[in-house]
Asks: 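One structure follows; several queries about it will come next.
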Amino acid sequence: MTTTPSPRTASRADGAPSALRESAARLDADDALAHLRDRFLLPEGVVHLDGNSLGPLPAAVPPALTDAVTRQWGTDLIGSWNTNGWWEAPLRVGDAVGALIGAAPGQTVAGDSTSVQLYTALSAAAALRPDRPLLVTDPGHFPTDRYLADAVAGQRGLQVRRVPPHDLAAFLGAEGHRVAVVSYSPVDFRTGELYDMEALTRAAHDAGALVLWDLCHAAGALPLRVDDLGVDLAVGCGYKFLSGGPGAPAYLYAARRHHAALETPLTGWNGHADPFGLSRDYTPAPGISRARIGTPPVLSLLALEAALTAFDGVDLTRVRAKSLSLTSFFLRCADELLTPLGFTPVTPADPDRRASQVALSHPHAHGLVRALAERGVLADMRAPDLLRFGVNALYTSHRDVLTAAAHLRDIAREGAYVPTPPAAGTVT
């Protein structure tokens, strides 16, 4: 959002119905993860429900970056590639992310953007199934995933088929023998609907296809078991639930069974078997190191590495349980406070089908989200009419959720917003 929040939210929950206030207080009092909020530097008086777009600043990041800049770069200079482990950072940080997605060490690498990782993964998957002409993706996928599916298909002579996850089994029953790779996300970024990774992965494998998962809206929000589920490839960003900072490096997971045959489309020198041998021809490094490309963004990697310490000692099954409690309570608040004012929840009520966000539809979503930001509640919108509220169990409270709903009720009831669509290029 481009609106600067003002710290005026602390008392708004007090204006909500007493039953909701009492429920929020009771749920927060019983919250075994409440102490984790201290691991983040949250602005006073701001309710941050936009962590599914950009996570807040973890307390461990500023000192880590200060050390990286003043000592490692400022004093140790180029020697830091060896003495401070800069060269190993993509693999080290990759393994830290891997622990959060259920990957054993040595299968995840961090360091490039999500778009680059997606391009690498899609191309590598297609190369592993060279005799199959179809690339299947979700018509509701995030735009980058759709654009890159088209780009890779065009370059490799494939055809794209856009199949909603709910229709995959039927499609594979007819066309599965022609499918090279299925590319989905476990979470619909617009609605927060959670898909069945296990069933979809199994369906793709039963058809002989590979499966690529975009974990941007799932990693750090719920337990993931990429190894146990037999996932072939996965990618994800570092700046949403992982709170690695704006533009934080993304990661790529490739199952160990594919490493020997993994062909990456961008053969940068960091992925060479002997990068400092400076040989004329490219020879891929063994293991996941072959998915490295160019010189990594060290400062961003070290910021992400520090941010990931917010998960130290945290059981992701408890994160998931609290996330469901938060979203369930938000849906209750929406039912009591917002549906009478024209808001419609689009996030599934079924907890097994709900990720870590609640989305509400309203024709004036953009104006309402901007008005919320002016009152210190950060959410976002997705065109044309969705308000998205992301919860992160590491720092979100039930009182935060009630505060957001109460503010939104007041804004809508008072008409205290400008019902205009976003201008082109406006960050939402």
Side-chain angles (χ1 to χ4, degrees), residues 90-91 93-94 97-98 101 103 107-130 132-163 179-187 189 204 209-219 226 231-240 242 244 246-255 258-259 261-272 282 284-285 287-297 300-301 304:
L91 301 178
V93 178
V97 174
I101 64 173
Q107 300 176 100
T108 312
V109 64
D112 290 289
S113 73
T114 309
S115 296
V116 171
Q117 303 288 28
L118 276 167
Y119 178 74
T120 297
L122 282 167
S123 297
L128 287 167
R129 292 291 185 271
R132 292 179 167 226
L134 300 186
L135 191 165
V136 174
T137 192
D138 185 356
H141 224 333
F142 191 77
T144 288
D145 297 78
R146 290 187 279 114
Y147 303 159
L148 286 168
D150 288 342
V152 169
Q155 291 163 4
R156 301 192 66 91
L158 303 176
Q159 303 166 39
V160 175
R161 293 289 186 269
R162 305 194 188 282
V163 182
V179 176
V181 56
V182 174
S183 175
Y184 283 155
S185 169
V187 179
F189 75 98
L210 299 179
V211 63
L212 162 63
W213 287 102
D214 180 340
L215 304 179
C216 286
H217 287 84
V226 293
V231 169
D232 299 293
L233 296 146
V235 300
C237 67
Y239 48 79
K240 297 184 189 294
L242 303 185
Y251 54 90
L252 182 150
Y253 161 87
H258 294 307
H259 288 182
L262 197 71
E263 296 180 9
T264 58
L266 301 173
T267 51
W269 76 291
N270 273 220
H272 197 281
Y282 184 79
I288 195 63
S289 290
R290 67 180 51 200
R292 296 178 63 160
I293 301 174
T295 303
S300 295
L301 270 175
L304 175 58

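All of these numbers come straight from a predicted model, not from anything done at the bench. Below, all heavy atoms of this structure are taken into account, side chains as well, without hydrogens, waters or symmetry copies.
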Asks: State, with a plain yes or no, whether a side-chain heavy atom of Leu301 is found less than 4.5 Å away from one of Pro90.
Replies: yes

Asks: Quick one: list whatever passes side-chain hydrogen bond (donor to acceptor under 3.5 Å, both in side chains) with His272, sequence neighbours left out.
Replies: Ser279

Asks: For Asn270 versus Pro296, what's the shortest heavy-atom pair and its separation?
Replies: OD1-CD, 3.4 Å

Asks: Test of understanding: with ring pair (Phe, Tyr, Trp, His ring centres under 6.0 Å), list the residues that count as partners of Phe189, not counting sequence neighbours.
Replies: Phe142

Asks: If I compare all heavy atoms of Val211 with all of Asp232, which pair ends up nearest, and what's the gap?
Replies: N-OD2, 2.9 Å

Asks: Only counting residues at least two apart or in another chain, list the ones meeting side-chain hydrogen bond (donor to acceptor under 3.5 Å, both in side chains) with Arg129.
Replies: none

Asks: Restricting to ring pair (Phe, Tyr, Trp, His ring centres under 6.0 Å), what partner residues turn up for Tyr147, sequence neighbours left out?
Replies: none

Asks: Could you tell me which non-hydrogen atom of Thr108 sits nearest to which non-hydrogen atom of Ile288, and how far apart they are?
Replies: N-CG1, 3.9 Å

Asks: Please check this pair: side chain of Thr114 against backbone of Ala250, looking for a donor-acceptor N/O pair closer than 3.5 Å.
Replies: no

Asks: Looking at every non-hydrogen atom in both residues, tell me the closest pair between Ala204 and Val182 and how far apart they are.
Replies: CB-CG2, 4.1 Å

Asks: Can you check whether Trp269 reaches Thr295 side chain to side chain, under 4.5 Å on heavy atoms?
Replies: yes

Asks: Restricting to side-chain hydrogen bond (donor to acceptor under 3.5 Å, both in side chains), what partner residues turn up for Gln117, sequence neighbours left out?
Replies: none

Asks: Within a strict 4.5 Å, meaning less than it, do heavy atoms of the Ser123 and Thr264 side chains meet?
Replies: no

Asks: Between atom CZ of Arg132 and atom CG of Leu135, what is the distance when rounded to the nearest 0.5 Å?
Replies: 12.5 Å

Asks: Going by the rule side-chain contact (heavy atoms from CB on, under 4.5 Å), which residues pair with Ala255 if we only count those two or more places apart in sequence or in a different chain?
Replies: Gln107, Tyr253, Arg257, His258

Asks: Could you give the side-chain donor-acceptor pairs of residues 212-219 under 3.5 Å, partners two or more places apart or in another chain?
Replies:
| residue | atom | partner | partner atom | Å |
| --- | --- | --- | --- | --- |
| Trp213 | NE1 | Thr201 | OG1 | 3.0 |
| Asp214 | OD1 | Cys216 | N | 3.0 |

Asks: Are Val181 and Val136 close enough, and set up right, to give a side chain to side chain contact (heavy atoms under 4.5 Å, CB included), and what steps lead you there?
Replies: CA-CA 6 Å; Val181 56; Val136 174; over 6 Å; no

Asks: Sorted by first residue and then second, give each salt bridge (Lys or Arg N to Asp or Glu O under 4.0 Å) pair with at least one member in residues 146-157; sequence neighbours left out.
Replies: Asp150-Arg162

Asks: Is the shortest heavy-atom distance from the side chain of Asp138 to the side chain of Ser185 under 4.5 Å?
Replies: no

Asks: As a quick check of understanding, evaluate side chain to side chain contact (heavy atoms under 4.5 Å, CB included) for Tyr119 and Thr144, giving each step before the final call.
Replies: CA-CA 10 Å; Tyr119 178 74; Thr144 288; over 6 Å; no

Asks: Which heavy atom in Ala125 sits nearest to a heavy atom in Leu233, and how many Å separate them?
Replies: CB-CD1, 3.6 Å

Asks: Would you say that Leu122 contacts Leu148 through its side chain, given a criterion of any heavy-atom pair below 4.5 Å between the two side chains?
Replies: yes

Asks: Under the rule for side-chain hydrogen bond (donor to acceptor under 3.5 Å, both in side chains), what residues qualify as partners of Tyr239, not counting sequence neighbours?
Replies: none

Asks: Taking salt bridge (Lys or Arg N to Asp or Glu O under 4.0 Å) as the definition, give me every residue that meets it alongside Asp112, ordered by chain and number, with sequence neighbours left out.
Replies: none

Asks: Taking all non-hydrogen atoms of both residues into account, name the closest pair between Val93 and Ala110 and its distance.
Replies: CG1-CB, 4.1 Å

